[in-house]
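Just so it is clear, the values below take in all heavy atoms, side chains as well, and ignore hydrogens, waters and symmetry mates. Every chain is numbered from 1 and lettered A, B, ... according to where its sequence line falls, protein lines coming before strand lines.
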Amino acid sequence: MLNKTYNPQDIETKWYEASEKAGAFACDPSSDKTPYTIMMPPPNVTGSLHMGHALTFTLQDVLIRYNRMNGKDALWQPGMDHAGIATQMVVERQLAAKDINRRDLGREAFVEKIWEWKAESGGMIEHQQRHLGASADWERSRFTMDDGLSEAVRRVFVKLHKDGLIYRDKRLVNWDPKLLTAISDLEVEQKEQTGKMWQLHYPIEGEEGRFITVATTRPETMLGDMAVAVHPEDERYADLVGKHVLLPLVGRLIPIVADSYSDPEKGTGAVKITPAHDFNDFEVGKRHDLELLNIFDQHAALNENVPEAYQGLDRFVAREKILADLEALGLLGEITDNQMTVPHGDRSGVVIEPWLMDQWYVDAAQLAIPAIKAVEEGRTRFVPERWSKTYFEWMRNIQPWCVSRQLWWGHRIPAWYGPDGTPFIELDEATAQEAANAHYGEAVSLVQDEDVLDTWFSSALWPFSTIGWPEDTAELKRYYPGDVLVTGFDIIFFWVARMMMMSMHFMDGEVPFKDVYIHALVRDEKGQKMSKSKGNVLDPLDLTAQYGADALRFTLTAMAAQGRDLKLSINRIESYRNFATKIWNAARFLEFNELSGTTDAGFDMASANLPVNRWIISKLGDASAQVSAALEAYRFNEAADAIYQFIWNSYCDWYLEFIKPVLKDSEETRQTAVAVLRAALHILHPMMPFITEELNEKIFGADEMLITSSWPTIPQHDDDSQIDFVIDVITEIRTMRAEMNVPLSAKPDLLIRGANPAQQKVLSDMDSSVQKLGRLSSVVMQADDMPKQSARSSLGAVDIALPLAGILDFEAEEARLRKEIKATEAEIDKIARKLGNEGFIAKAPEAVVEENKRRLAEEQARADGLTKALSRLQSEG
RNA sequence: GGGUGGUUAGCUCAGCUGGGAGAGCAACUGGUUUACACCCAGUAGGUCGGGGGUUCGAGCCCCUCACCACCCACCA
């Protein structure tokens, strides 16, 4: 016997383990089925499951399970990302607690520590994914730093270098002075701040008492100034161009140059140029051949290139001292508040400094060309389509990608330097050594590049590196390209774009995935980002513990339509938990009626004759088709709605209620009740894997798990004749009702659950089938003999029963009917009151006729309009 | 500065190519009748942000205004 309510905790683990043990998660490269591939975005090895993960993995799992059931050989390729900076920080923090610094430890020992940490604590997220029901092929799980993937990374690096698409360059980078590494543009977060803008007066050389005034938000950079720029057409400064200023505090003579970068409208129209510490100034410096003077060390403290008084000072300390010193000299001008955005490291949170150094760059603009084309040509399709605009926007303006990081955790750059600094980029040290020896004509000692690669470099290879590349494996042939990539819009640039670029280059121009489904990000119910500091984090595992994984999964699926933000609320989850309970109880109902264990093996739904059975089967067919269509179009919410409404409204509210009186006697009905619910469990399974497995076994005694079973085939009934019949009957009923002066609102529950004998009589006449409904007039006659109240109820029920019997879309028909009735009721009431009567009067039919005439006229007008439009179109050709 | 999305019931949101406005929750009324109160039956609630246009017909297309988000770039 089933318990009274569904208790998810009792069964989830059991079914998950059973499915995995049965090998249901594994793909089968030797199978002759069509492959279906989803590359799971690898979560960070440091990660733990948050709501965003829960959403993305649920949607992927729904697709995987659905396709698996539809005869595909499904590969959901899981794995984890080594997450360079994030992981290094975690381990550093742990060591710091023991008062150990990574530098004391040394590189090798530190990296060893990280591997140890990974072995112990890394990958917690996989367990959490399992709780959620993720049916990934865990046996094939990959790690971005495992041997195979590391090999792929080296290959790619070397090849890109040989192709001239990776190069070393001395440029300004975004330097994170806390993490002591360069970061890419994407890892810089612009933060809105109120800062100050200071005006500085620079004395003009040879013109005693004359100054040029510049404005800056970073006064400390003035120590690195190499020029002052004014606009070539700015008359205020025309006579100064070519002259020099004496840089205060430093005493360096620097030129005043004309450059259109300077905007006469902004500030004072004169701008200080610090080529080594500002991206724009760097460009100006190039044009005017200015020296690049680096004034910071790696911690962004001032270095030996500044006057001794400032050396070693932190940039912000130096700022104050410089301002004070300038003020003392009378060279400090106006100070104003200034609204500005300041670049911060997205990991460290500190202010980023543009810093001049050698780094490795990927020529992204070149790689982007085929990647853009692939999307333009629709070989890869974004869903929703508008995200392709975002993709194009970025790809068409893409900057060189700085891929080197001054970290220890990551893929070491395969570059070795000879004694004179010549780099040898090869797959391994031995090959580099050979190349170097050949180059120098003698054996030399090489030093490997200290840096590692950006984490995203290795994840960019994910679509092919995980299935064997660079080896030409069977998996690579079979599962590449993937069918769909499912991810959030926040990593379109970081990841999607880069996978596109790398895949196009290394997979002979074949796209990595056919579709990219971009889903929302999960927010709390107020639309706030979930964060620990706000205390609004909903932990998916807490929720699965409380409401069940199925309820959480279904909630996320049903809410997946939302544009950018998915505002998750508890009461939504509750309502889908209730849905699980509802199904549970429908199953209990079958059990009570001794239908549990009944198999439908010998029962063919197509053979059903009773209208009520034909009707529910037809509704089931609709639901199945809707779910399929919706999932294939990534309209997850529609899939969830369709099966929800079928089970709750059609099956539970109507069908089960309606068959109660006949269930004992009608074997066909018993079989149908079972067959339909079983099929519904199949359809629901991708969204609610656990409860469906449990009921499939407990109630239906199925041997085969749903996860390995096939999507149900529902017979289609040809029902046109029935529809005509029903329409006739409905018309008749309406007339009779009016003749009998009964109120028109329906209370079907009174009848269906019928209490009094007269009602039960009506029901028993009706329930057995459409043939009996043919004796409609007798039913109505009986109703006529009943007390008023009963008659009303009976008629209400008949209204509902008829379309049911006719396998019509009775809900829509019913809604229409009720609306119509309501309108006429008001009309009738009015007349009744005029005549001094209570309730309804015999004139009702006329009112109904009038109303119908009016509606007919409306319809006619509409039809005329259509005809008119049509003929106009025709005449226009 | 460039771009994207949003504005539909009290709340959170669906509404796919233009053809009689929907769901969940909340509210209200009635109901424990042999699956389910995590329930059933029913009711109420909308100038689809404002204005203009196209069309026989607009929540949907075009123009415009307002407000709210987000992304990118930059800021002397």
- Message: Just to verify, which of A:Phe493, A:Phe489, A:Phe382 counts as forming a ring pair (Phe, Tyr, Trp, His ring centres under 6.0 Å) with A:Trp387?
- Response: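 The residue from A:Phe493, A:Phe489, A:Phe382 that satisfies ring pair (Phe, Tyr, Trp, His ring centres under 6.0 Å) with A:Trp387 turns out to be A:Phe489.
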Residues forming a side-chain contact (heavy atoms from CB on, under 4.5 Å) with [X], sequence neighbours excluded:
X        : value
A:Gln546 : none
A:Pro248 : A:Tyr202, A:Pro203, A:Met222, A:Leu326, A:Leu331
A:Glu574 : A:Tyr547, A:Ile570, A:Asn571, A:Arg577
A:Ala368 : A:Ile372, A:Met395, A:Ile398, A:Met501

Proximal nucleotide (of [options]) relative to the [X] side chain:
X        : options             : answer
A:Glu638 : B:G15, B:C70, B:A76 : B:G15
A:Glu393 : B:C72, B:C39, B:G3  : B:G3
A:Lys389 : B:A14, B:U34, B:U4  : B:U4

Please give the distance between the [atom1] atoms of [N] and [M] as a whole number of Å.
N     : M     : atom1 : answer
B:G20 : B:U33 : P     : 43 Å
B:U12 : B:G46 : C1'   : 16 Å
B:G50 : B:U7  : P     : 12 Å
B:A73 : B:G3  : P     : 15 Å
B:G22 : B:G42 : P     : 16 Å
B:C74 : B:G15 : C1'   : 40 Å
B:A66 : B:G51 : C1'   : 11 Å
B:A23 : B:U55 : C1'   : 31 Å

When all nucleic acid strands are considered with a 4.0 Å heavy-atom cut-off, which category describes [X]: base, sugar-phosphate, or nothing?
X        : answer
A:Val214 : nothing
A:Ser262 : base
A:Asp490 : nothing
A:Trp198 : nothing
A:Asp641 : nothing
A:Tyr261 : base

- Does A:Trp648 put a side-chain nitrogen or oxygen below 4.0 Å from OP1 or OP2 of B:C39? no
- Below 4.0 Å: OP1/OP2 of B:C40 and any side-chain N or O of A:Lys582: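 Yes.
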Close N or O pairs between protein and nucleotides 7-11 of chain B (under 3.5 Å):
none

- Comparing A:Thr581 and A:Phe279 on RNA chain B - which has the more 5′ nearest nucleotide: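 Here A:Thr581 is the residue nearer the 5' end.
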- Message: Heavy-atom nearest nucleotide on RNA chain B for A:Arg218 versus A:Val188: which residue maps closer to 5'?
- Response: A:Val188
- Taking ring-ring contact (aromatic ring centres under 6.0 Å, His included) as the test, write out the residues that go with A:Tyr634, two or more places apart.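 If we apply the ring-ring contact (aromatic ring centres under 6.0 Å, His included) test to A:Tyr634, skipping adjacent residues, the hits are A:Tyr517.
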- Item | Residue list, ring-ring contact (aromatic ring centres under 6.0 Å, His included) with A:Tyr6, at least two apart or on another chain |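 In terms of ring-ring contact (aromatic ring centres under 6.0 Å, His included), with neighbours along the sequence ignored, A:Tyr6 is linked to A:Trp584.
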- Please confirm whether the backbone N or O of A:His277 pairs with a side-chain atom of A:Thr274, one donor and one acceptor, at under 3.5 Å? no
- So, does the side chain of A:Arg588 form a donor-acceptor pair with the base of B:C36 at under 3.5 Å?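 No, the side chain and the base share no sub-3.5 Å donor-acceptor pair.
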- Item | Charged N-O contact under 4.0 Å between A:Arg218 and A:Asp278 |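 A salt bridge links A:Arg218 with A:Asp278.
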Using the test side chain to side chain donor-acceptor pair (under 3.5 Å), find all partners of [X] that sit at least two apart in sequence or belong to another chain.
X        : answer
A:Asp641 : none
A:Ser388 : A:Glu385
A:Lys196 : A:Asp337

- Determine the interplanar angle of the A:Phe554 and A:Phe579 rings, folded into 0 to 90°, and report it as parallel if under 30°, tilted if 30 to 60°, perpendicular if over 60°.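 Because their plane-to-plane angle lies in the 30° to 60° range, the rings of A:Phe554 and A:Phe579 count as tilted.
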Report, one pair per line, the protein and nucleotides 24-28 of chain B atoms (nitrogen or oxygen only) whose separation is under 3.5 Å.
residue, atom, partner, partner atom, Å
B:G24, O2', A:Ser575, OG, 3.4
B:C25, O2', A:Asn571, ND2, 3.0

- Query: For the pair made of CH2 in A:Trp387 and P in B:U4, what is the distance, rounded to whole Å?
  - Reply: 12 Å
- Query: Just the dot-bracket of RNA chain B, please: which string comes out with Watson-Crick or G-U pairs under 3.5 Å, [ ] for crossing, | for another strand?
  - Reply: (((((((..((((.....[..)))).(((((.......))))).....(((((..]....))))))))))))....
